[in-house]
There are 2 protein chains.
Amino acid sequence: MLEHKVKLAIVDDHLIVLEGLQKLLTSAGDIEIAGSFTTGAAFIDFLKSNTVHIVLLDITLPDVNGMDLCRDIKKLSPDTHVLGLSNHSERSMIVQMLHNGATGYLLKNVSAEELTQCIHEALNGQVTFSKAVREIMARPSMTELKGVPQLTKREKEILKFIADGKTTSAIAAELFLSPLTVETHRKNLMQKFEVKNVAALIKEAVQRHMI
Amino acid sequence: MLEHKVKLAIVDDHLIVLEGLQKLLTSAGDIEIAGSFTTGAAFIDFLKSNTVHIVLLDITLPDVNGMDLCRDIKKLSPDTHVLGLSNHSERSMIVQMLHNGATGYLLKNVSAEELTQCIHEALNGQVTFSKAVREIMARPSMTELKGVPQLTKREKEILKFIADGKTTSAIAAELFLSPLTVETHRKNLMQKFEVKNVAALIKEAVQRHMI
DNA sequence: ATAAAAATCCGGGAAAGCAGGTAGTTGAAA
DNA sequence: TTTCAACTACCTGCTTTCCCGGATTTTTAT
């Protein structure tokens, strides 16, 4: 196999993190930083006309959330490996990222060695975690075990409206839908979350950062 | 006045951030990084036998929280300026830091120029914020303005039950109350939160860490 | 092309929530 | 002591949610 440099991209809205990562990665000679981006949109743009082998993706971005962006990246370029990078250590976050096609997940307290090691593992297609993440995954907690329901775009949309306290009919009016349609989505949401009223629904959703 | 280099310390448990900050600060020639620390304890130790003019202090640390550490620092070395550095953009966080003696507050999305500017302002004793923080402080958003409603013990109790998805009558049974009483509490809760249904109530409550 | 998933729409009935009150009892602070 | 906040309880009328059950069309993935 030819040993070209690995093209790596970073998506993070914090300049500090961008610089920090670049510094940490200079020691790994075979990695080339193809680009740094502060928004998901900017990276997607770049990806359309450039090859990226691996991308370090912050979960919280100004424009889109990491989960959705991850999914978009994999759709656009299935061979690009995505490593989630975040301060969020909740199991649900990690699981969600993997569901959406990420190859691994790192917390921002990674060391330089961990970082480069994870990158290389990811390039081999291995699912890889930073040390702190492995510990979280190893000790599953009751509440987190149930996993995160996979919501459709419409469902997410309506979930947000519900959380804002809007009634079914108000939502329907705003989205030009029949109230009955909104009712159905609401019903499905509650089924997916395995709850039986909005109160519990919203609690779960907020706690899982879906709102 | 003699122009010695400014002795600056960084306390942050993320290597990435440490490196990133160092990189960003190299451009400011008059600043010398006296030390980097990943725990509050380590920095306090250092401070006992070294002069530090200014410290960039992450709010979330493994051993202590930033507020308390800030207070300790000012007690030990009142002339050391503390700049809070965090991802947390909640107004309450910022205010708390200032109460505890911080000279300023930065979000981690600061630019290099902002960073050095804030450092210099802080050295002059000026209270200083990064741009994003100034915006938060200038425009108290609706949700932040109302502050946290003062709930009675009973109300908090019932709020939790509601968030768990329990119905009014179930709560009443569990607390040996009339359902009507629970209804009243629920009504009062919604008044205090200025919302008109449970969905919004729970969202607000969770987001304000009351659940 | 075909299957699967998502999004849309519908009915009816039971249950709960919402909004607007009123009002007695208690316990602590002024 | 009286005054006030909290907790308790009640009423009426109306709206909305919740829970069954379906159905059709459009989009997406294989």
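In what follows, chains carry the letters A, B, and so on, assigned in the order in which the sequence lines appear, proteins first and then strands, with residues in each chain numbered from 1.
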Between atom CZ of B:Arg134 and atom CD of B:Glu114, what is the distance when rounded to the nearest 0.5 Å? 6.5 Å
Regarding the side chain of A:Thr167, the nearest nucleotide among D:dC7, D:dT17, C:dC18 is D:dT17
Using whole Å, what does the distance between atom C1' of nucleotide D:dT16 and atom CE of A:Met190 come to? 11 Å
Does the side chain of A:Asn87 pick up a donor-acceptor pair with the side chain of B:His14 at under 3.5 Å? yes
Using a cut-off of under 3.5 Å, enumerate the N/O to N/O pairs linking the protein to nucleotides 8-11 of chain D.
residue, atom, partner, partner atom, Å
D:dT8, OP1, B:Arg154, NE, 3.0
D:dT8, OP1, B:Arg154, NH2, 2.5
D:dT8, OP2, B:Arg154, NE, 2.8
D:dT8, OP2, B:His185, NE2, 3.0
D:dA9, OP2, B:Ser178, N, 2.9
D:dA9, OP2, B:Thr181, OG1, 2.7
D:dA9, O5', B:Thr181, OG1, 3.2
D:dC10, OP2, B:Ser178, OG, 2.9
D:dC10, N4, B:Thr184, OG1, 3.3

Return the value, rounded to whole Å, for the distance between atom CG of A:Leu76 and atom P of D:dA29. 13 Å
Quick one: on DNA chain D, does B:Asn197 or B:Glu155 contact a more 5' nucleotide (nearest heavy atom)? B:Glu155
Given the options A:Thr38, A:Leu69, A:Thr39, A:Leu61 meets side-chain contact (heavy atoms from CB on, under 4.5 Å) only with A:Leu69
Pick from B:Leu85, B:Leu115, B:Leu107: which one makes a side-chain contact (heavy atoms from CB on, under 4.5 Å) with B:Ser130? B:Leu107
Figure out the CZ/C1' separation between B:Arg186 and D:dT17, and round it to whole Å. 12 Å
Rounded to whole angstrom units, what separation is found between the NZ atom of A:Lys75 and the P atom of D:dT28? 7 Å
Whole-Å distance, B:Lys166 NZ to D:dC18 P, equals 17 Å
Please check if any side-chain donor atom of A:Asp79 sits under 3.5 Å from a side-chain acceptor atom of A:His53, or the reverse. no
Atom of A:Thr103, atom of A:Leu83 and distance for their closest heavy-atom approach: C-CD2, 4.2 Å
Closest approach to the side chain of B:Val198, judged atom by atom: which nucleotide of C:dC18, C:dA7, D:dC7 is it? C:dC18
How many whole angstroms separate atom CD1 of A:Ile171 from atom C1' of C:dA7? 16 Å
Mind checking the OG1-CG spacing from A:Thr184 to A:Asn188? Nearest 0.5 Å is all I need. 6.5 Å
Kindly say if A:Thr168 contacts the phosphate of D:dT17, meaning a side-chain N or O under 4.0 Å from OP1 or OP2. yes
Euclidean distance, atom CD of residue B:Glu183 to atom C1' of D:dT16 [Å, nearest integer]: 13 Å
For A:Lys153 and C:dT8, what is the distance between atoms NZ and C1' respectively, to the nearest whole Å? 16 Å
